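Report on the structure given below.
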Amino acid sequence: MTFLSETLARVKPSPTIAVSTLAAELKAAGKDVIGLGAGEPDFNTPQNICDAAKAAIDAGKTKYTAPDGIVELKQAICDKLQRDNGLSYTTKQVSIGTGGKQILYNALMATLDPGDEVVIPAPYWVSYPDMVLLAGGEPVIASARAENAYKLTAEELEAAITPKTKWFIFNSPSNPTGAGYNREELKALTDVLMRHPHVRVMTDDMYEHLVYDGFEFVTPAQVEPGLYDRTLTCNGVSKAYAMTGWRIGYAAGPESLIGAMRKIQSQSTSNPCSISQWAAVEALNGTQDYIATNNEVFKRRRNMVVEMLNAAEGITCPTPEGAFYVYPSIAGCMGKTTPGGKLIETDEDFATALLEEKGVAVVFGGAFGLSPNFRVSYATSDENLEKACTRIQEFCAELS
Ligand SMILES: Cc1ncc(COP(=O)(O)O)c(C=O)c1O
């Protein structure tokens, strides 16, 4: 009998957190490193949200709350889902957790039995497959293609579904590619799901508000009302409101599932931080004006990064619709050798050599299930991005 569980042996630590940690360590050791690995906005949390948190402390709102959140925040979430997505939910259909991550995890823990399959499009957010494994299920990876801007087609989804499929996890705009599905592209997928009534959809709308060039965000239950009873709509305040450290995520869906998620949370972490919940009420009910202001900055950075990466030898970088990531292909760099003498056989080789030889930290595509690529987070200053992309151009030009 081993001390650590067999379940734990099935999962690996988050590679994105590993890259950020390594970059921070190298920086602390005095190395000139630019980190493009972090998945969080570099903006401060808006002042009105911070003020609401301070007011909550002063008002003594510092005690336990209901395990899955205060009714005021649940109501703010219902109002948001109606306002932004045209979806009607009652507060009984809403669960609030410690970040979007916990919400997704609770839902998988509440529903998966051994052998249950979860279809995950690749490239995927690193945590999906490992969360499924931790919950005892089996991730089934459905690979999207670069030619289709890393978006899954109806045929690719159809081919991944089996009688054992319990969930389809959908994420648009995507981490790591930034790809956003328009209404027509999403309808093609929801049409497939309508033909398979045993499959539920867990939609991760975390990057809903981070979209550019007039892109219209849509979510599955909005595009196909017939899926309402089979959809768990997940979202959070981390990215759009620059609140990653506050740890508030939420989901809306069928009452029975929400109740099951509450049961898990009540026996594990209990309520998310009371002060953060009051801050999130202000985030959702207060002014939304700064989202557009921040998006102008993100869009400018995206355009610069895409242009500079496409100018690098061997790199092809599509222009994504949203989030703050790009996912360039490095097929043209494979098989080459770096000035430091390293043969590039995988995208992990590329990322490691880029960090060691040029001091630029990116996350290799293998971590997201589709290679050969790397992910750049452009949620950092223009100056850092320009310097980093120049170094990437030099790195590629020096390959032989
Ligand atoms: C696609 C996606 N979903 C969920 C999360 C988790 O968000 P939170 O920080 O609220 O747990 C992230 C964070 O990186 C993400 O990229």
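No experiment lies behind these values; they were computed from the predicted model shown. In listed order, ligands and their atoms are each counted from 1.
Using a 4.0 Å cut-off between a side-chain N of Lys or Arg and a carboxylate O of Asp or Glu, K54 and D58 do not qualify as a salt bridge. Taking 4.0 Å as the cut-off between side-chain N and carboxylate O, R83 and D79 do not count as a salt-bridged pair. Using a 4.0 Å cut-off between charged nitrogen and carboxylate oxygen, E138 and R10 count as a salt-bridge pair. Using a cut-off of 4.0 Å between Lys/Arg side-chain N and Asp/Glu carboxylate O, K61 and E72 are scored as not salt-bridged.
Here is the list of ligand 1 atoms found below 4.0 Å of a heavy atom in G99: 10 (O), 11 (O).
Closest protein heavy atom to atom 13 (C) of ligand 1: K239 NZ, 2.8 Å. Here the heavy atom of the protein found nearest to atom 1 (C) of ligand 1 is D204 OD2, 3.3 Å.
For ligand 1, the polar-atom distance check against S238 finds a nitrogen or oxygen pair separated by under 3.5 Å. Between Y325 and ligand 1, not a single N/O pair is under 3.5 Å apart. Remark: ligand 1 and G100 share an N or O pair separated by less than 3.5 Å (distance only, no angle test).
Heavy-atom separations between E40 and ligand 1 are all 4.0 Å or longer. Under the 4.0 angstrom criterion for non-hydrogen atoms, G236 is not in contact with ligand 1.
The main-chain N or O of T162 is found under 3.5 Å from a side-chain atom of T165 such that the two form a donor-acceptor pair. Although no hydrogens or angles enter the test, the distance criterion places a donor-acceptor pair under 3.5 Å between the side chain of K239 and the main chain of G39.
With a 4.0 Å cut-off on non-hydrogen atoms, Y128 touches ligand 1 through its side chain and not its backbone. When heavy-atom distances to ligand 1 are checked against a 4.0 Å cut-off, Q102 has no atom that comes that close, whether in backbone or side chain. Residue contacts with ligand 1 for N171 involve side-chain atoms from C-beta outward but no N, CA, C or O (heavy atoms, distance under 4.0 Å).
Summarising the contacts of atom 9 (O) of ligand 1 with R247, M206, K101, the nearest heavy atom is found in R247.
Of the candidates T90, T91, D68, D68 is the only one forming a side chain to side chain donor-acceptor pair (under 3.5 Å) with K74. Screening E184, E156, E321 for a salt bridge (Lys or Arg N to Asp or Glu O under 4.0 Å) involving K151 leaves a single residue, E321.
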